[in-house]
2 protein chains.
Amino acid sequence: MIPAFETYLRTNTDLSDEALQQITATTMTRTLQRNELLLQEGQICRHKTFIANGLLRTFGVREDGTEHIIQFSPEHSWTLDVESYDRQTPTSFNIAAIEKTDVLLWTKADFEYLLHTIPALKNLSQELISRNIYNSRQRIFTSISATPEEKYEDFIRTYPGLLQRLPLHMIASYLGISLKTLTRIRHTQVHK
Amino acid sequence: MIPAFETYLRTNTDLSDEALQQITATTMTRTLQRNELLLQEGQICRHKTFIANGLLRTFGVREDGTEHIIQFSPEHSWTLDVESYDRQTPTSFNIAAIEKTDVLLWTKADFEYLLHTIPALKNLSQELISRNIYNSRQRIFTSISATPEEKYEDFIRTYPGLLQRLPLHMIASYLGISLKTLTRIRHTQVHK
DNA sequence: GGAAAAAGTGGTCATTTGACCATATTTTGT
DNA sequence: ACAAAATATGGTCAAATGACCACTTTTTCC
């Protein structure tokens, strides 16, 4: 799993072998089983996480018990609860594996040290945060303005590889529509 | 308008008078009339904006002509189209005044220089960006999980001062519901 | 101050959505 | 390999939503 991460870094930065070595020397690896939690509501998020293989979901649970997914994190992406991590306060979200997932983890102190000593990593990190901000804004815009069908089409266009890997109820949850509405949309599209 | 900005900075940072002077020396001021555009779809966002007095809205327009508001910016807040500003690419959003509004503007080069030379300003800026990220995530969660009534209640709780300053159709647009639904909700609440 | 524009609300109706249940198929786990 | 669990879809129905129109009130603009 570390060779995959090194390939990822070489593809996305011009880090030296020494820097790569420094980064991977401070990481911990962990394998999550399907449905196993990486982070649970009420906990403090203490790690920056890179998904080497697999798929995670970040979700909140309302008082009525319903789960609403705000983010999927497939391999070769990073995840964490940024507010809990920054402020070291308990999170109100959960992060769980949708399928068996291998992750790399760095403590906040270790990762901040790496950012401080490896400018290319800091640049990569900053670029990913920026892109996250742009995507969030687009997500808000789509969420308040699109029809359920347009949301599904946007999802397929944006994450074509995720469709086969997710149960429909999770996609519906992520889009903020019901499973029934989603299957109606799919039926209509198949018969167009 | 600059004294108000200086009060804002003194309240939120421990900047020296010299730093304050440096910041205000590089700003431009502008007054927007009601409904006047600060930024228009297709333009490049070239300024960081502080709202000294008044109220702005950031919105997108769909192909069918409908306007969907993703953000309100009252006095003593900052705004810009961050993606257009960072990448110097044309924006797909608009920023307009809801009422007569006084703003302070810095070019990207000037503001980056200020961030570089005034650590307290950089810290303030970073803190505001972080808070923006947390709020956006909460907004996404509310948007996909809450009923229209819960969205309205959340809006009132989060921005109590804005209710009187906005027409209902703008609040409905921001919440992603119709004016009809919003007036139904208000009717039901009044008669509870 | 007054005309025009905008806003707020109520009525009506068609459409859409979501909940619940049942059935068949697929996937998971041992 | 097979039983159990999970998923996907269809049917049904009630509730919610949004569009359109009309009227009254409030705000804006000159």
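Fair warning: this is a prediction, and the values are worked out from it, not measured in the lab. In the text below, chain A, chain B and the rest are named by the order of the sequence lines, each starting its count at 1.
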Worksheet item: Does C/dG29 have OP1 or OP2 sitting under 4.0 Å from an N or O in the side chain of A/Arg34?
Response: yes
Fill in: Per-nucleotide protein contact string for nucleotides 16-24 of chain C, where B marks a base within reach and S marks sugar-phosphate only (heavy atoms under 4.0 Å, - for neither)
-BBB-----
Worksheet item: Between atom CD in B/Glu36 and atom C1' in D/dT28, what is the gap in whole Å?
Response: 17 Å
Discussion item. I'd like to know if A/Arg30 and A/Glu36 make a salt bridge, using a cut-off of under 4.0 Å between side-chain N and carboxylate O.
Written reply: yes
Worksheet entry | Interatomic distance, A/Glu99 CD vs C/dT27 P [rounded to whole Å] | 14 Å
Fill in: Cation-pi, A/Tyr134 ring and A/Arg131 (6.0 angstrom, 45 degrees)
no
Practice prompt. Is it possible for you to check whether A/Arg139 lies under 6.0 Å from the centre of the six-membered ring of A/Tyr174, through NZ or CZ, and within 45° of that ring's axis?
Written response: yes
Practice prompt. Using atom CD of A/Glu67 as one end and atom P of D/dA6 as the other, report the distance to the nearest whole Å.
Written response: 13 Å
Discussion item. Would you say B/His169 places a side-chain N or O within less than 4.0 Å of OP1 or OP2 belonging to C/dA7?
Written reply: yes
Practice prompt. Please work out which of the three classes, parallel, tilted or perpendicular, describes the rings of A/Phe72 and A/Phe155, given edges at 30° and 60°.
Written response: perpendicular
Fill in: Plane angle bin for A/His76 and A/Tyr8 - parallel if under 30°, tilted between 30 and 60°, otherwise perpendicular
tilted
Discussion item. Rounded to whole Å, please give me the gap between CD1 in B/Ile98 and C1' in D/dT27.
Written reply: 16 Å
Worksheet entry | Helical bend (five base pairs per end, nearest 10°) for the helix from C/dG1-D/dC30 to C/dT30-D/dA1 | 80°
Discussion item. Without decimals, in angstroms, what is the distance between B/Tyr152 OH and D/dA16 P?
Written reply: 19 Å
Worksheet item: Are B/Trp106 and B/Phe5 an aromatic pair by the rule of ring centers under 6.0 Å?
Response: yes
Discussion item. Rounded to whole Å, how long is the line connecting atom CD of B/Gln164 with atom P of D/dT26?
Written reply: 15 Å
Discussion item. Nearest whole Å is fine: how far is D/dA6 C1' from A/Asn35 CG?
Written reply: 11 Å
Worksheet entry | Salt bridge flag under 4.0 Å for residues A/Lys151 and A/Asp154 | no
Worksheet item: Listed by chain and number, what are the side-chain hydrogen bond (donor to acceptor under 3.5 Å, both in side chains) partners of B/Ser16, not counting sequence neighbours?
Response: none
Worksheet item: Between B/Val61 and A/Phe141, what is the shortest heavy-atom contact and its length?
Response: N-CZ, 4.4 Å
Worksheet, complete the sentence: Between CD of A/Gln33 and C1' of C/dG29 the distance, given in whole Å, is 12 Å
